[in-house]
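Lettering follows sequence order; numbering is per chain, from 1.
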Amino acid sequence: MTQPRPLDDLNAYLAALNAALAVGVKSRSRILEEAGEHLYEAARSEHADLVAQVERGERPAIGDALWTEAQARAIAAFGSPEKVASGFEKGLLDTLDKRVGLLDAGFETWLQRRPIVAGTVWAAVTSLAWVVLGAAIFAVGRLFEIGYAMNVLMPFVFAAAGYFCLRMVFVFRRSVVASWRGLPLFQLPGWRLVALRDWVGYLFFFGYIMLTDPMSFTGLMSLWMGLAIVVDVGVRLARRAGRAAGWSAYGEDPDENWAKYMTGLWTSAAITLSLIALQTSSLGLTAALGLLLVAVTGTVAFSRRLAWNSSVKRNWGHTYAARAAAS
Amino acid sequence: MKGEALKGHLEMLLLAALRSGPAHGYGIIHDLKSRSEGAFDLQEGTIYPALHRLERSGLVESQWSVENGRRRRVYMVTPKGGRALEEKTAAWQSFSHATTRALGTGA
């Protein structure tokens with residue numbers, strides 16, 4: 001029977017803990033990160049003890065076996081994933097989040113089997129999010145005859161089309177690199193293409209609105225997104241210069257950035273609509289706002305899921321590979 | 001002493017471990033084992049749900065810190081947590097003295 005590679009042990013434990021957890025994505029991310037750090041620290045300590053035993057001649061040194069055993073000991077001392085997971089409090093949203101996670105895993109499997117088809121579907125779904133957002137703002141604008149809100153639908157449709165096309169570039173490029181959702185990970189020309197996507201989208205969509213109606217909701221939102229892109233580029237440059245260790249606001253994974261943009265977009269929309277509701281105090285608007293907020297919550301949860309997924313892949317995949325290689 | 005025996009006291013022990021200063025989960029476990037001279041044999045992963053509960057109750061607070069390029073969640077006792085620890089410690093000492101007397105094993 002083949003022994004698991006040493007690197008896989010902590011990762012396998014974290015995967016099992018992730019599967020056993022029934023908590024929201026924010027808590028989940030934190031729990032996994034804390035558990036990962038703890039286990040890694042414990043495994044290093046165990047490894048140092050084992051090396052000392054070898055040096056004293058109390059046991060033979062057999063390649064990677066020491067690191068494997070060190071991880072196994074750390075995991076045994078930590079407790080079973082099920083037991084650890086059962087200690088965390090959970091609610092209705094946590095259960096929903098777990099269901100989303102299962103769907104997410106199912107899609108991941110499909111993507112591995114049919115990368116082009118699944119990648120295209122994913123590109124379409126993520127692009128449609130722009131249309132849904134535009135339609136929601138349009139609907140509220142039409143209901144209350146708010147001029148600028150009624151004009152946002154077409155720019156959102158164009159943005160969705162542009163986003164879809166750029167995303168499909170990634171889908172077709174996927175054959176040369178490891179991918180998730182049809183997007184290249186870690187090996188970027190990626191980052192230049194992502195920057196291009198951001199800037200092209202910004203110039204065509206938000207640039208137009210900034211020039212025509214800078215004080216509208218979308219105008220202000222475009223200012224926000226512009227600032228986000230400036231921060232994004234700044235962090236990338238700082239990283240390249242080795243001055244941004246520990247920064248996690250914007251990663252190399254385009255999906256993580258997209259998720260952050262979408263979350264910000266929804267938050268801006270929710271705040272704006274809340275202000276409108278406060279000004280008009282209408283029952284219909286309140287109901288519409290309620291429905292919209294349900295959609296907002298779902299989308300935010302979903303995009304956060306993406307952000308978390310990217311983060312886990314980056315942290316647990318890369319970090320442990322690098323650490324294992326270094327140890 | 002197995003983890004089951006520590007149920008109900010774990011949160012007090014965690015607060016006590018944090019009294020001397022901020023610490024991360026792995027450090028807390030080692031502090032507890034060291035203070036108890038290895039008597040506390042609890043599974044290490046079980047302290048995290050307890051730490052999260054304490055944080056939700058406002059007895060501890062936490063933040064990420066970066067040490068040597070690694071992110072760690074560091075916990076510290078809040079003033080409310082300090083008061084809670086004093087109360088729990090007093091209650092425990094009272095219970096312990098009473099039990100010792102009842103068992104007839106006191107000095």
Side-chain angles (χ1 to χ4, degrees), chain A residues 10 13-14 16-17 20-24 26-46 73-91 94 239 242-249 311 314-316 318-320 322-323 326, chain B residues 1-14 17-18 22-34 36-76:
Chain A
L10 292 186
Y13 181 90
L14 291 171
L17 179 60
L21 284 168
V23 299
K26 189 175 177 184
S27 300
R28 180 188 302 267
S29 175
R30 176 177 156 184
I31 291 164
L32 288 172
E33 193 160 0
E34 282 189 284
E37 276 303 322
H38 185 118
L39 285 165
Y40 180 71
E41 189 74 38
R44 275 182 58 127
S45 174
E46 294 285 356
R73 286 185 181 187
I75 288 168
F78 199 76
S80 74
E82 293 74 19
K83 184 170 182 183
V84 173
S86 69
F88 290 99
E89 292 169 8
K90 44 199 171 280
D94 296 319
R239 272 187 174 159
R243 294 181 181 171
W247 277 60
S248 60
S311 151
R314 192 176 63 251
N315 290 335
W316 305 139
H318 264 238
T319 310
Y320 285 112
R323 288 176 182 175
Chain B
M1 192 182 291
K2 290 288 179 191
E4 284 298 310
L6 292 174
K7 261 187 180 174
H9 309 302
L10 181 58
E11 293 180 1
M12 178 176 68
L13 291 170
L14 292 175
L18 288 168
H24 51 81
Y26 186 71
I28 294 170
I29 278 283
H30 275 257
D31 185 63
L32 281 178
K33 284 183 178 172
S34 165
S36 68
E37 297 175 346
F40 293 161
D41 181 23
L42 72 166
Q43 293 210 294
E44 297 177 5
T46 57
I47 69 160
Y48 289 99
L51 284 168
H52 287 215
R53 277 196 302 276
L54 285 172
E55 187 170 9
R56 241 191 311 274
S57 312
L59 302 182
V60 302
E61 56 190 8
S62 70
Q63 61 185 36
W64 290 111
S65 76
V66 179
E67 296 168 27
N68 301 322
R70 290 170 52 193
R71 266 159 58 89
R72 284 174 159 175
R73 194 83 184 176
V74 173
Y75 293 86
M76 61 211 86

Are B/Tyr48 and A/Phe78 close enough, and set up right, to give a side-chain contact (heavy atoms from CB on, under 4.5 Å), and what steps lead you there? CA-CA 10 Å; B/Tyr48 289 99; A/Phe78 199 76; 3.8 Å; yes

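- For B/Ile47, no part lies under 4.5 angstrom from a heavy atom of chain A.
- Nearest heavy atom pair, residue A/Val84 against residue B/Pro49, reads O-CG, 3.8 Å.
- For a residue to count as touching a neighbouring chain, one of its non-hydrogen atoms must lie under 4.5 Å from one of that chain's; by this rule A/Ala76 touches chain B with the backbone only.
- The distance from atom CD of A/Glu37 to atom NE2 of B/His24, rounded to the nearest 0.5 Å, is 9.0 Å.
- A/His38 and B/Glu44 are linked by a side-chain donor-acceptor pair at a separation below 3.5 angstrom, with hydrogens and angles left out of the test.
- A/Glu46 meets the salt bridge (Lys or Arg N to Asp or Glu O under 4.0 Å) test with A/Arg73; sequence neighbours excluded.
- For A/Glu34 and B/His52, the side-chain atoms include at least one donor-acceptor pair closer than 3.5 Å.
- Applying the side-chain contact (heavy atoms from CB on, under 4.5 Å) rule to B/Ser62 yields the partners A/Arg30, B/Glu55, B/Arg73, B/Tyr75; only residues at least two apart in sequence or on another chain are considered.
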